[in-house]
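This report concerns only the one structure given below.
Index from 1, following the sequence.
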Amino acid sequence: MVRTVAGIGDNGRVNIDELTFDAAGLIPAVVQQYDTREVLMVGWMNAEAVRRTAATGRSTFWSRSRQEYWVKGETSGHRQHVKQVLVDCDADTLLVLVDQEGPACHTGTRSCFEHGEIKA
């Protein structure tokens, strides 16, 4: 089961088999600091990564390049303690609310979205 916030959606809990995964069996997961709502990073999860995240309370992703699971902070110590996993209206994107320990980005910055801005 994936936890949802009471009152945000009208469907309560969502089963993993109700999620819409892409052709590669993945779903994007936007990771956000639970209290400030700062967007920290985006990762990819398959059904098993979603299960592991829900069961352990630690963000678990599928590495598309390495073709293996990885738990955020397992090697760096910059762990993500999952508070909640929300499902969007189409069930094809997850919002993972976490309490981030240290930087979220592999470059050492708090957020992966500190590189710059696209100019129109």
Side-chain angles (χ1 to χ4, degrees):
M1 288 285 211
V2 178
R3 292 171 286 161
T4 60
V5 175
I8 287 185
D10 57 3
N11 295 323
R13 293 187 181 269
V14 176
N15 287 314
I16 293 169
D17 60 357
E18 296 176 272
L19 298 176
T20 304
F21 296 92
D22 69 11
L26 300 173
I27 191 169
V30 177
V31 180
Q32 199 174 43
Q33 177 65 32
Y34 82 101
D35 51 355
T36 65
R37 300 298 192 180
E38 174 186 19
V39 176
L40 301 172
M41 60 173 281
V42 174
W44 292 89
M45 295 181 174
N46 61 16
E48 181 59 24
V50 176
R51 280 188 201 87
R52 291 181 187 192
T53 297
T56 65
R58 298 280 309 283
S59 298
T60 304
F61 301 97
W62 177 254
S63 171
R64 295 175 297 169
S65 59
R66 296 187 315 267
Q67 295 289 294
E68 65 184 15
Y69 294 100
W70 61 279
V71 178
K72 183 67 177 164
E74 195 169 62
T75 56
S76 68
H78 302 145
R79 295 172 191 85
Q80 292 177 345
H81 304 280
V82 177
K83 300 290 188 179
Q84 216 167 23
V85 178
L86 302 174
V87 180
D88 81 329
C89 57
D90 294 322
D92 64 359
T93 304
L94 301 177
L95 179 62
V96 183
L97 301 177
V98 303
D99 190 10
Q100 176 69 46
E101 256 182 67
C105 188
H106 71 282
T107 64
T109 59
R110 170 78 178 160
S111 168
C112 292
F113 294 95
E114 295 180 12
H115 182 70
E117 177 181 334
I118 294 176
K119 296 187 180 191

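Here the OG1 atom belonging to T36 is positioned 6.5 Å from the CZ atom belonging to R110, to the nearest 0.5 angstrom. Taking NE2 of H106 as the reference point, atom OG1 of T109 lies at 8.5 Å (rounded to 0.5 Å). In this structure, CD on E18 lies 12.5 Å from CZ on R13, to the nearest 0.5 angstrom. In this structure, the separation between NZ on K72 and NE2 on H81 is 12.5 Å, given to the nearest 0.5 Å.
Within the 3.5 Å criterion, the main-chain N or O of T60 finds a donor-acceptor partner in the side chain of T53. A donor-acceptor contact shorter than 3.5 Å is absent between the side chain of S63 and the backbone of E68. A donor-acceptor distance shorter than 3.5 angstrom exists from the side chain of D22 to the backbone of A24, with no hydrogens or angles considered.
Residue pairs satisfying the salt bridge (Lys or Arg N to Asp or Glu O under 4.0 Å) criterion with at least one member in residues 45-65, sequence neighbours excluded, are listed as follows: E48-R51, E48-R52. Sorted by first and then second residue, the pairs that involve residues 85-107 and meet salt bridge (Lys or Arg N to Asp or Glu O under 4.0 Å), not counting sequence neighbours, are R79-E101.
Residues that satisfy the salt bridge (charged side-chain N to carboxylate O under 4.0 Å, His left out) test with E117, not counting sequence neighbours, are absent from this structure. Applying the salt bridge (charged side-chain N to carboxylate O under 4.0 Å, His left out) rule to E74 yields no partners; only residues at least two apart in sequence or on another chain are considered. In this structure W62 satisfies the ring pair (Phe, Tyr, Trp, His ring centres under 6.0 Å) test together with Y69, sequence neighbours excluded. Y34 is linked by a ring pair (Phe, Tyr, Trp, His ring centres under 6.0 Å) to nothing, counting only residues two or more places apart in sequence or in another chain.
Residues V71 and Q80 are not in side-chain contact: their nearest non-hydrogen atoms beyond the backbone lie 4.5 Å or more apart.
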Inset, instruction - With side-chain contact (heavy atoms from CB on, under 4.5 Å) as the test, would you mind laying out the steps for E38 and Q100 before giving the verdict? - result: CA-CA 10 Å; E38 174 186 19; Q100 176 69 46; over 6 Å; no
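The aromatic ring centroids of F61 and W70 lie less than 6.0 Å from each other.
Residues I16 and L26 do not share a hydrophobic cluster, defined by chaining ILVMFWY side chains whose heavy atoms lie under 4.5 Å apart. In the hydrophobic clustering of this structure, V14 groups with V96; members are Ile, Leu, Val, Met, Phe, Trp, Tyr whose side-chain heavy atoms approach within less than 4.5 Å, directly or through other members.
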